[in-house]
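Notes follow the structure.
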Amino acid sequence: MTGDFAGGRLTIDLGALADNWRTLAAVSPDSECAAVVKANAYGIGTAEATRALAAAGAKTFFVAHPSEACAARAAAPDAMIYVLNGLPPGACDLLASLRARPVLGSQEEIEEWGAFVRAAGADEAAAIHVDTGMTRLGLSPDDARALLPGGLGFRPALLMSHLACADEPERPETEAQRALFAELRALLPETPASLSNSAGTLLAKTSGGDLGFDLRRPGVSLYGSMPIEGRASPLKPVVRLEARVIQVREAAAGDPVGYGGAERVKRASRLAILSLGYADGIFRACGSEDGRPGATAFAGQVPCPFVGRISMDLIAVDVTDAPSVKRGDWIEILGDHVGVDDLARAGGTIGYEVLTSLGHRYERVFVK
Ligand SMILES: *Cc1c(COP(=O)(O)O)cnc(C)c1O
């Protein structure tokens, strides 16, 4: 009931999410397309996203934490679920009870899981992460060469690595990672292999060969963000965020707007005050000051620039060119005219951060 009076409304298009998964799956039809639903499905909601993706045909899901595996399991009883951030000490029983597979990235994790599998007498599967050039998680190539041929003590279900630079297609590192990964996966020829995130999925190949392998792991692209800058996006927007106009007011040329008077309007203006701010995931860096524009909202087809600093709960936008805007109207912050990557650019960040910062104070409406 109080949702009717929220300052914003977030509409999540689960049909567009499913379409994006199908688009990504079709890029390399011989490689399975999984779905990464970590971080509350990049901010949109694990349960709804996982159900929609499973209905579209996704069979394998990746999360980062065991708690996220719980949420994904509840939404997809039959799916394969992998936990990317590895095995927290003592978590073997929990993961086995969830039928979730850890992605093991160090010798310690491999030993703990191996001991659990031997004690349980069970054939619990896990993935092995090898580091091909990111220096974050995963066995070093030398450790992988020593351990993979027979030294694990249990059945690896998947061999994976992660691309560090695939969002910049001209970088040579991606081909170097692909070649090293191809060499390491030859040590476990029976085990399915996975290398690509969203950027790798959209690149599809390097000069040396395909990036698809057996399974791809797109995340952010499912939610409508294009990780490769400067390329036309084949993806549909999934999130629409609208803010309620709580007051329309006049400002005279030269009037300062908001904290610090950081921007003075240049002409006699009409300003709409929106009931949205940092607490809703709108970054302070999206505001404007004299000489530096901020983000742009839309009233229908009319662009309405942000004016002045963003407050914790309030934003002013210039609606001088949209004279019909009145108290109670909704203004587009994200939607047909402003993609998550556009808002990210205005705030000096990336679509991942916009999506995963979407707030919890406003209504979330899921549409199919
Ligand atoms: C988060 C993550 C992904 C998905 O990455 P996107 O860039 O969001 O597509 C894939 N693999 C690993 C190991 C990850 O941590």
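In this text, all values refer to a predicted model and were calculated from it rather than measured experimentally. All ligand and atom numbering here is 1-based and tracks the order in the structure.
Taking only nitrogen or oxygen atoms, main chain and side chain alike, G219 reaches within less than 3.5 Å of ligand 1. Remark: ligand 1 and A199 share no N or O pair separated by less than 3.5 Å (distance only, no angle test).
Taking the six-membered ring where the residue is Trp, Y42 and Y352 present tilted rings, their angle falling between 30° and 60°.
Distances from ligand 1 to the non-hydrogen atoms of M160 include at least one value under 4.0 Å. Using a 4.0 Å cutoff on heavy atoms, P218 counts as a contact of ligand 1. Residue contact annotation: Y42 has a non-hydrogen atom under 4.0 Å from ligand 1.
Among all protein heavy atoms, the one lying closest to atom 7 (O) of ligand 1 is Y352 OH, 2.6 Å. The protein heavy atom nearest to atom 10 (C) of ligand 1 is R217 O, 3.4 Å. Of all protein heavy atoms, the one closest to atom 5 (O) of ligand 1 is N197 CB, 3.6 Å. Looking at atom 9 (O) of ligand 1, its nearest protein heavy atom turns out to be S198 OG, 2.5 Å.
When each of L10, I282, V239 is checked for a side chain to side chain contact (heavy atoms under 4.5 Å, CB included) with I333, only I282 meets the rule.
If you number the atoms of ligand 1 from 1 as listed, the ones under 4.0 Å from a heavy atom of V220 come out as 6 (P), 8 (O), 9 (O).
There is no path of hydrophobic side-chain contacts, each under 4.5 Å, that joins L241 to L314. One hydrophobic cluster, built from ILVMFWY side chains closer than 4.5 Å, cannot hold both I273 and V248; they sit in different ones. L358 and M312 fall within the same hydrophobic cluster, where Ile, Leu, Val, Met, Phe, Trp and Tyr residues are linked whenever their side-chain heavy atoms come under 4.5 Å apart, directly or through other members. Hydrophobic cluster membership is shared by I228 and I350, with clusters built from Ile, Leu, Val, Met, Phe, Trp and Tyr side chains linked at under 4.5 angstrom.
Comparing H162, M134, K38 by heavy-atom distance to atom 2 (C) of ligand 1, the nearest is K38.
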Under the salt bridge (charged side-chain N to carboxylate O under 4.0 Å, His left out) criterion, do E263 and R292 qualify, and how do the steps go? CA-CA 9 Å; E263 181 159 25; R292 192 188 64 90; over 6 Å; no
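Aromatic ring centres of F213 and F181: separated by under 6.0 Å.
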